[in-house]
Number of protein chains: 4
Amino acid sequence: MPATVKPADAEEARPRARGRPRSLTSRDAILKAARELMDQLGPAGVTMEAVAARAGVGKPTVYRWWPDRHAVAMAALMEAQPSDQPAAIAKRTRTLQAALAQQMQDIADTFGSPRGRSVASMIAASDPNTELSKAFRNHFVLARREEGRGLLQEALQRGELREGLDLDVTLDLLYGPLFFRLLLGHAPLDAAFVKQLLGQVLLGLRSGDGN
Amino acid sequence: MPATVKPADAEEARPRARGRPRSLTSRDAILKAARELMDQLGPAGVTMEAVAARAGVGKPTVYRWWPDRHAVAMAALMEAQPSDQPAAIAKRTRTLQAALAQQMQDIADTFGSPRGRSVASMIAASDPNTELSKAFRNHFVLARREEGRGLLQEALQRGELREGLDLDVTLDLLYGPLFFRLLLGHAPLDAAFVKQLLGQVLLGLRSGDGN
Amino acid sequence: MPATVKPADAEEARPRARGRPRSLTSRDAILKAARELMDQLGPAGVTMEAVAARAGVGKPTVYRWWPDRHAVAMAALMEAQPSDQPAAIAKRTRTLQAALAQQMQDIADTFGSPRGRSVASMIAASDPNTELSKAFRNHFVLARREEGRGLLQEALQRGELREGLDLDVTLDLLYGPLFFRLLLGHAPLDAAFVKQLLGQVLLGLRSGDGN
Amino acid sequence: MPATVKPADAEEARPRARGRPRSLTSRDAILKAARELMDQLGPAGVTMEAVAARAGVGKPTVYRWWPDRHAVAMAALMEAQPSDQPAAIAKRTRTLQAALAQQMQDIADTFGSPRGRSVASMIAASDPNTELSKAFRNHFVLARREEGRGLLQEALQRGELREGLDLDVTLDLLYGPLFFRLLLGHAPLDAAFVKQLLGQVLLGLRSGDGN
DNA sequence: GGATAATCGAGACGGTACGTCGCGTCTTCAT
DNA sequence: ATGAAGACGCGACGTACCGTCTCGATTATCC
């Protein structure tokens, strides 16, 4: 799913806007420049002037695509990491616990990187009410949570989990602690933690009731 | 615990510095101004110029106390909310589950407020490695988590929880999902959620092993 | 005589260019828009974007007719005021002094208007070496001076003026002070001034020599 | 007399403004930079960015002293040429005609230079109603005209000129044609012209009446 | 009559400069 | 020495126009 501000590509009419079409080349150059600045200087380095200069583009062209520097940075990060296959590959080959463990470790690795830190800091710094901010959170965090929902539902169908489980609470029980440690950094985020976390959560999912 | 970067008020010598002493009045006026700006304009509104102007203070005076705008903002927020008694009062009067539920609901209320949103956004936006940032995270999040540790330890001594419990994982299991929903806002953070959350977590704490 | 930069309509071949011919409707709309902007906002308001937008025309269409914004503004002003009959009508009906007085008052009125101020400011602001600039100066100022030359020559033939008069100096003696006050605004430009001016100048033209 | 916008140096109170005083060093560097740009690139080259960069000064500092680019350019030109002694020296040593001839040739030389062209173009391009614009016109043009008034008054006292002369008209009669040719460029501005001009004007001043 | 070609409106393009705001530092006088 | 005041160099902001280009659509001439 593209990171543009106006996807709007419902296949209907869309009367082939008048005038010169926007240059996708410019758009890509802008996002590439933003990504490089993000990696080299962090989120604060993604200034409109630096992005435009590095992309070989006029500042107004950047503003034609995105309304401000936060939007450019978010679009660059979203385009950089498609949020795709990694877990999907592993999905079917393991047990629920193994699949979740792998995905969570993958998330930890991703967010442990400098670019991941940038993502985290932008999630919290941006106005949470804008559409772009929601899309960004969805892209980087909630999409992973939805992968987990898929894994849980399969396990549910296999009868490995008890009926009547509140999936949303369970998902937060899995991913909440993960991002909590990522953001706070008060304790290590290693394989042992993931194992313990999964163990405690899954224990409560197998039998009995959680009330 | 003061919010200044340099407490340094070790009671020893301190040769009664020459010249005019720093005005505590100024300090308080600065923090008050910062708090007001934070409430009215959000974290981005806490600029040094605005703070100094509103406090009726010169900019260098602000810089004499804190090194940059983030520090002023953090100090203002920390001074505003002492992170004290609320849970302490309730501690002894209820069951573990009830005490935790009350504290968590209290946290949710606190962070649901505009000022709480500011706190959350500053946590994620600030450089996580600075001392001030650590103090800030500790003040607003980890201190609450430590309150929970106290509650769990009491329950442990009462034999309500199984031995060998990994308290750190358990604490993240409790507070992680809470802050996860606070930050992401993907699902409501109401009493039902708190109840479900506590139910699922405590279920795994009572018997059996979590491995 | 049209105000376009490229009249070039030498009646010869001109192989009746292929393709769609330029729209005179557009041309007129552009000049009309430029005139309106000039009147409402002054010379600085005559921007290519505003002209094109107000004329309901694409920017390249404007550039197809004129090379830059100055040219458009000058063309608009020149087209607006044909520099014609006013004095021509009066020419024959009066004495030299009366005819000059009327023309000069007419010039003063013209240049005293907002549009006249625009003309004056463009004369001085434009690069004096371009062809267009020369045509513009000629249209608005020197053409009037040439009218005066005609009046003087008639008077010369009637024997009202002494022989050997340097007409160019005399013309500048008449029109120089007029435009001087117009541009500098240091003193009123009223009928009394015109009368005084003509009196002093013509005094020197009647007899004796000016050496 | 300085070119600052706020001279206001009436020697009275002026309570020694609070805060850091403005740096005259910066002011001078700005004006010097503006002058150099004016000489090298013409009036259009005097952009705020270029001035600030060349002066080694921040843009806001330039705006602290002058409100816009025109003001900077005018101040630079006024500071560059003090509009002083030249004629004053010659004043007493010659006849009226010789003194005027020298001054007028001096004016022609001054305004014939590139910098003089810039001055002329700025006079006509600037909003004639602002205080700065008036000061500018006064500095470069009317001050010279006033020198001429002095010369005429001396001649008047010596009895060289007839009584009842309208000095203002006479002055415009002298300087108007000069600036007319300067601005329009339709005829040479050489010694012969100056001689002819003075001859015709002075002829009318000696005897008879100009009505 | 169908191809060809220059024009049309529209509007995005790379740029330059605008005038503003905030940073964190420095310099002044008054306390 | 510290207080407030405020100017300093700096750098980024977001906007306005510049003059050029690239679209699809239109309108004429030429084959």
Side-chain angles (χ1 to χ4, degrees), chain A residues 15-23 25-27 29 44-53 55-65 67-69, chain B residues 17-23 25-26 44-53 55-64 67-69, chain C residues 15-23 25-26 44 46-53 55-69, chain D residues 15-23 25-27 44-53 55-65 67-69:
Chain A
R16 189 59 183 95
R18 307 283 301 262
R20 178 177 176 173
R22 292 199 197 158
S23 158
T25 309
S26 294
R27 203 196 86 104
V46 185
T47 69
M48 288 309 227
E49 306 224 314
V51 166
V57 144
K59 243 195 309 180
T61 297
V62 187
Y63 282 100
R64 230 167 258 130
W65 286 93
D68 56 41
R69 58 197 239 86
Chain B
R18 304 258 318 251
R20 177 174 175 177
R22 289 197 198 164
S23 157
T25 309
S26 293
V46 185
T47 69
M48 285 309 225
E49 311 229 311
V51 166
V57 144
K59 265 201 292 177
T61 300
V62 187
Y63 281 99
R64 225 166 265 128
D68 55 41
R69 60 196 237 84
Chain C
R16 197 59 183 96
R18 304 265 313 255
R20 177 176 177 174
R22 289 197 199 162
S23 157
T25 309
S26 293
V46 185
T47 69
M48 286 308 225
E49 309 229 311
V51 167
V57 144
K59 262 200 294 179
T61 300
V62 186
Y63 281 101
R64 226 166 263 127
W65 287 93
W66 299 276
D68 55 41
R69 61 196 235 82
Chain D
R16 192 57 182 99
R18 307 283 300 265
R20 177 177 179 173
R22 292 198 197 160
S23 159
T25 309
S26 294
R27 202 194 87 104
V46 185
T47 68
M48 289 306 227
E49 306 225 315
V51 167
V57 143
K59 244 194 307 178
T61 297
V62 186
Y63 282 102
R64 229 168 259 128
W65 285 93
D68 55 43
R69 59 196 239 85

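This one's a predicted model, so the numbers in the text were calculated from it and none came from an experiment.
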In short, A/A29 meets A/A55 closest at the heavy-atom pair O-CB, 3.5 Å
Which heavy atom in B/G58 sits nearest to a heavy atom in B/A52, and how many Å separate them? C-CB, 4.2 Å
Search all heavy atoms of C/M48 against all heavy atoms of C/R69 and return the closest pair with its distance. CE-N, 3.7 Å
By side chain to side chain donor-acceptor pair (under 3.5 Å), which residues pair with D/R64, not counting sequence neighbours? D/T61
Walk along nucleotides 11-18 of chain E from 5' to 3' and tag each nucleotide B, S or - by protein heavy-atom contact under 4.0 Å, base first, then sugar-phosphate. BBBSBBSB
